[in-house]
Amino acid sequence: MTYLRPNFRHPDSPTNELGYTRQYYEGGLSTLCAGCGHDSISAAIIDACFQMNIEPHRVAKLSGIGCSSKTPAYFLSGSHSFNSVHGRMPSVATGANMANRDLIYIGVSGDGDSASIGMGQFAHVTRRNLNMAYICENNGCYGLTKGQDSATMDRDSVSKKGDVNMYSPIDLVRVAIEVGATFVGRSFSGDKAQLVPLIKAAISHRGFALLDVVSPCVTFNNHQGSTKSYAHVREANDATPVDFVPTRQEITTSYDAGTTQEVCLHDGSLVRLHKAADDYNIEDRQEALQAIAHHSGEGRILTGLLYVDRDSEDLHDVLGTTRQPLNTLTQNELCPGSRFLDSINAGLR
Amino acid sequence: MQPRQAINDFVIKFANVNGTGSASANGMFAKAIFRMGIPVSPRNIFPSNIQGMPTWYEVRVSEDGYLGRRGGTDIMVCVNPQSMDKDVKSVDPGGYFIYDSTKPLDLRYVRRDIHYIGIPFTEICLREYQDARQRLLFKNVIYVGALAALLNIDFGILKDLVADQFKGKEKLITPNVHALDLGYKYAMEHFDCPMGMHLESGRAVAKHISDFDQILMDGNTAAGLGAVYAGATVAAWYPITPSTSVVEAFDKYCRRLRIDPGTGKKNYAIVQAEDELSAMGMVIGAAWNGARSFTATSGPGVSLMSEFLGLAYFAEVPAVLIDVQRAGPSTGMPTRTQQSDILAAAYASHGDTKHVLLFPATPAECFELTVKSFDLAERLQTPVILLSDLDLGMNEWMSPPLEFDDEYRYDRGKVLDAEALDALDERFGRYLDVDGDGIPYRTYPGAHAEKGAYFTRGSSKDEYAAYTEDGDAYVRNMDRLLKKFETAKTLVPEAKIKSANTRTDYGVMFFGTTASPSYEAVEILEKEGIALDTCRIRAFPFTENIEDFIRDHERIFVIEQNRDGQMRRLLLNETAVDARSKLVPVLEYDGLPVTARKIARVMRDYIKGADVVNLMDDPALKELQS
Ligand SMILES: Cc1ncc(C[n+]2csc(CCOP(=O)(O)OP(=O)(O)O)c2C)c(N)n1
Ligand code: SF4
Ligand SMILES: [Mg+2]
């Protein structure tokens, strides 16, 4: 069956600079379990796009397979979307981006999708620095196939059946930094205040932006003993609050210089982090890796913008592709014509 | 036995060691014959190895214009002591064995029924060159020089070819010409030149078999160039022999032809993917987004791409895949040729899928059908697989020149742009069969602010791309896809049918590289009074004239280079005629291109009442070929 929201809009709903209401950024009605973390992430994406005055049709949504990968149906119904195959969204995104560099690419994946079947593609899209926002909705299990352990499940975390996980987990954030990611953040689906600005920053970043968002699966991995449950993440979250200041907005609030760190992104927007006492320089790869490892060693989850490299070259820069989207080039521009073929033939005689 | 005499009609084979620079000398040899205006077809038979293994180069010279493998060896040029035993044995009686006489010939290699020509290649090299690498490289050039004398190759043409080859490195021209001269003079002084089998330019050459003359080119280069002409802007690939040179050719021509003059930037993107799954994903992503995109691979890559091919079929995304077929899995045999991906390609993926296949037989067709494949993929919104093979892709073939009609416009298929969407009164239905041909309309992401966005997914959707698990909607969609496949029949290139001079109940069907030796086999039998009509299949789904051909004949030989008779099975599966008892498989799958002699032999035996023989079980033939 098809789920569509009633097309009712309150006359006083606030609009953004484009004149659109937040409702304009919504999608079909979610079919996920009530309380699923993934729905909160969809809501955060809607907020981010609404607040950033993005035209939905300038966004392309891409996903793999999983509950998480279904969610592009639940936000931005005005955007094209491609629900591809399990673990292979990065390659589809890469091709799409090569064809048209002018769209905003939002990829949605799950921990099974990214850290197991799609680990190879995840690593390679990261090292190619494809310009996209890549959101991994991480619940430590395979929601869609009914709760099997995933590769991001922490050691000693207990499954719903009561089994203790003895495998060492894959931390996508650390893998990404290792293989050359240029924007890496972690957040929690329950922390909208941090997640929305992080999504905005990820979209603004030019290059590959990973957001690993812990997103509890209420049905299969929200019990006691699970390190991906709401209760555990709320308790163990070492969150660095994040503000996002768009390009044209005047900076009004003032912060104590000692406790904030500002990062100006490629498009002129600003990310402002409210530092904790033991904070590190997020533009230093090694410090970032150390800080993440340190928190994880303590059983804590470090969230916020964890690493950024502001002036990276994206895949188009590296390949030297033309500024104009390749999908707009015409036959006249692309086809050498018969004259050149004559010279090829001559060279083969 | 007297040495055999033959003018412009023999098979010469070079036994080399991989990685010693023999390839360019051998290529020069073949090209010289080509430039003399004599039909020639050279073939590499090489190991899956970069250096040190035996490798053979077989050159067929045929005044009659036969370009397929004939079978047998008339002249063996032995530069590799490692394979000498086998090489001596493989010379046909009355043939020649040219060897390095620096050391005396081992008596075990002496046969009474062939003729020996000893030239002290190593000794000449040791005398002339100090450097070990030079000794190795120039040995090749010296034997080409000697062959020029023995076979009567125009020395001036060889000199021109050296000059062509070292354009930009002029310093190398003189030493190479000198090496040619060393071989030439030695042969002139020591032997009766030219020998019994030799070349003569200016004689009439037949052109009836195929319109072959004019250019010498490998199929992969032609396909890569075809992708440039087709306007492909995105290529994604993972290296695999024998397909690698397709993307390399695309790259090479793009660097020349696709650089924006104003900015120096590239009007194309080539991504070397982490594997074939990813390569196909990129192709699909790009095509979904409105760029023409393609990949090239071989059998193992097709296996990995299968899941994505299914998605593209169901989600109706164009994709062009060039599959340069090779033998079997793993390494070793894979550097040998086969046509064994037919079924894997036709039905690639899970669920009910069928894919459009094209079968080029010449480099000109590799070019033309690559261009065509993009039109078909976009018109039909589905994967199109071009099935070439190692023999066609990596060897140089005489081919009609490449042609391109400047009046021709790309067919980008049914795409609604912003204007068309504005004009649309009714609701846009991505999977709605508006025109009754099974092909729906699509939109590119970002085309229009309010209209045309849709959600792309494999199955579980209705005509408006909305999610549904309703069985009826699924069936409707699947049936429309079938209708679309019927439409494809009217768009793909027709089979080429040639009738014998007399009426016959016998037919022959073949495709791709099996065509040349099959046409030749048909002519061999024609001279013996056996008439056969021919049908060269060029595409799947099968065009109507293929069904008619089957209907019109009692017995049809289906000639192909695989074990299971894959094309035959596809014909049985996908044509409406009852053909099980009519289609006689003629198979070859030892990794070497099938020869005309074998094909003729099997068909002759069958027609004369013998049982169907599997070529590989025929010891007489095996002996002859070894
Ligand atoms: C090739 C393939 N193998 C297996 C599956 C079955 N499958 C569907 S979703 C899924 C796991 C999804 O887990 P995750 O990515 O974490 O998403 P979640 O549902 O937890 O959000 C699996 C194994 C599939 N769709 N395709
Ligand atoms: S199974 Fe888990 S992940 Fe899937 S929708 Fe339900 S709560 Fe969410
Ligand atoms: Mg999961």
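Just so it is clear: chains get the letters A, B, ... in the order the sequence lines come, proteins before strands, and each one is counted from 1. Keep in mind that what you see is a predicted model, and the values were worked out from it rather than measured.
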ask   = chain A: which of B:Ala291, B:Ala286, B:Gly264 shares the most heavy-atom pairs with it under 4.5 Å?
value = B:Ala286
request  = For each of B:Arg258, B:Met280, B:Arg35, B:Arg412, tally heavy-atom pairs with chain A at distances under 4.5 Å, and name the one with the top tally.
outcome  = B:Arg258
message = Tell me which of these, B:Val271, B:Asp260, B:Leu311, B:Asp164, has more heavy-atom pairs under 4.5 Å with chain A than the rest.
response = B:Leu311
Under 4.5 Å from a heavy atom of chain A, the part of B:Ser293 involved = neither
key: Rounded distance (nearest 0.5 Å) linking atom CG of A:Leu334 with atom SG of B:Cys254   = 9.0 Å
remark   = When the 4.5 angstrom heavy-atom criterion is applied to A:Thr330 and chain B, the contacting part is neither
query = Which atoms of A:Leu76 come close to chain B, meaning under 4.5 Å heavy atom to heavy atom: side chain ones, backbone ones, both, or neither?
reply = neither
inquiry  = Which residue is it: A:Ile106, A:Ile45, A:Val59? I am looking for the one with a side chain to side chain contact (heavy atoms under 4.5 Å, CB included) to A:Ile203.
reply    = A:Ile106
query = Given the options A:Gly120, A:Ala73, A:Gly347, A:Gly78, which has more heavy-atom pairs under 4.5 Å with chain B than any of the others?
reply = A:Ala73
ask   = If you tally heavy-atom pairs under 4.5 Å against chain B, which of A:His57, A:Glu55, A:His86 wins?
value = A:His57
request  = Side-chain contact test, heavy atoms from C-beta onward, threshold under 4.5 Å: evaluate it for B:Trp288 versus B:Thr456 and give yes or no.
outcome  = yes
message = Is A:Leu326 in contact with chain B via its backbone, its side chain, both, or neither, using a 4.5 Å heavy-atom distance?
response = both
ask   = Do A:Tyr74 and A:Thr31 have side-chain N/O donor and acceptor atoms under 3.5 Å apart?
value = yes
request  = Name the member of B:Asp405, B:Asp406, B:Leu402 that forms the most heavy-atom pairs with chain A at distances under 4.5 Å.
outcome  = B:Leu402
key: Part of B:Thr221 lying under 4.5 Å from any heavy atom of chain A   = neither
query = Any residues in residues 227-234 of chain B near chain A, with a heavy-atom distance under 4.5 Å, and which are they?
reply = B:Val228, B:Tyr229, B:Gly231, B:Thr233, B:Val234
inquiry  = Looking at chain B, which one of A:Ala60, A:Pro90, A:Gly87, A:Ser79 has the largest number of heavy-atom pairs inside 4.5 Å, strictly under?
reply    = A:Ser79
request  = Give a yes or no on whether a salt bridge exists between B:Glu274 and A:Arg128, defined as a side-chain N under 4.0 angstrom from a carboxylate O.
outcome  = yes
query = Between B:Arg292 and B:Glu378, is the closest basic N to carboxylate O distance under 4.0 Å?
reply = yes
ask   = Heavy-atom distance under 4.5 Å between the side chains of B:Asn395 and B:Asp218, does that happen here?
value = no
NZ/NE/NH1/NH2 to OD/OE distance under 4.0 Å, A:Glu26 and A:Arg22 = yes
task = With a 4.5 angstrom heavy-atom cut-off, could you sort out which part of B:Lys451 is near chain A: side chain, backbone, both or neither?
result = neither
request  = Could you go through the side chain to side chain donor-acceptor pair (under 3.5 Å) check for A:His38 and A:Thr71 one step at a time?
outcome  = CA-CA 7 Å; A:His38 300 349; A:Thr71 63; over 6 Å; no
Test of ring centre spacing under 6.0 Å for B:Phe294 and B:Phe250 = yes
note = Most heavy-atom pairs under 4.5 Å with chain B, out of A:Gln324, A:Met98, A:Arg323, belong to A:Met98
message = Quick check for you: among B:Ala236, B:Gly452, B:Ala279, which has the greatest number of heavy-atom pairs under 4.5 Å with chain A?
response = B:Gly452
message = Out of B:Ile284, B:Asn267, B:Ile259, B:Leu225, return the one with the most heavy atom pairs under 4.5 angstrom to chain A.
response = B:Asn267
query = What is the distance from atom CG of A:Leu130 to atom CZ of A:Arg101, rounded to the nearest 0.5 Å?
reply = 11.0 Å
request  = Side-chain contact test, heavy atoms from C-beta onward, threshold under 4.5 Å: evaluate it for A:Asp317 versus A:Arg206 and give yes or no.
outcome  = yes
query = By a 4.5 Å heavy-atom criterion (distance strictly below it), what part of B:Arg457 contacts chain A: side chain, backbone, both, or neither?
reply = both
ask   = Is the Lys NZ or Arg CZ of A:Lys61 less than 6.0 Å from the centre of A:Phe82's six-membered ring, within 45° of the axis?
value = no
ask   = Do A:Asn16 and A:Tyr25 have side-chain atoms, one donor and one acceptor, less than 3.5 Å apart?
value = yes
ask   = So which of A:Gly337, A:Pro336, A:Pro325 has the biggest tally of heavy-atom pairs under 4.5 Å with chain B?
value = A:Pro336
request  = Find out whether B:Asn289 and A:Tyr105 are in side-chain contact, i.e. whether some heavy atom of one side chain is under 4.5 Å from a heavy atom of the other.
outcome  = yes
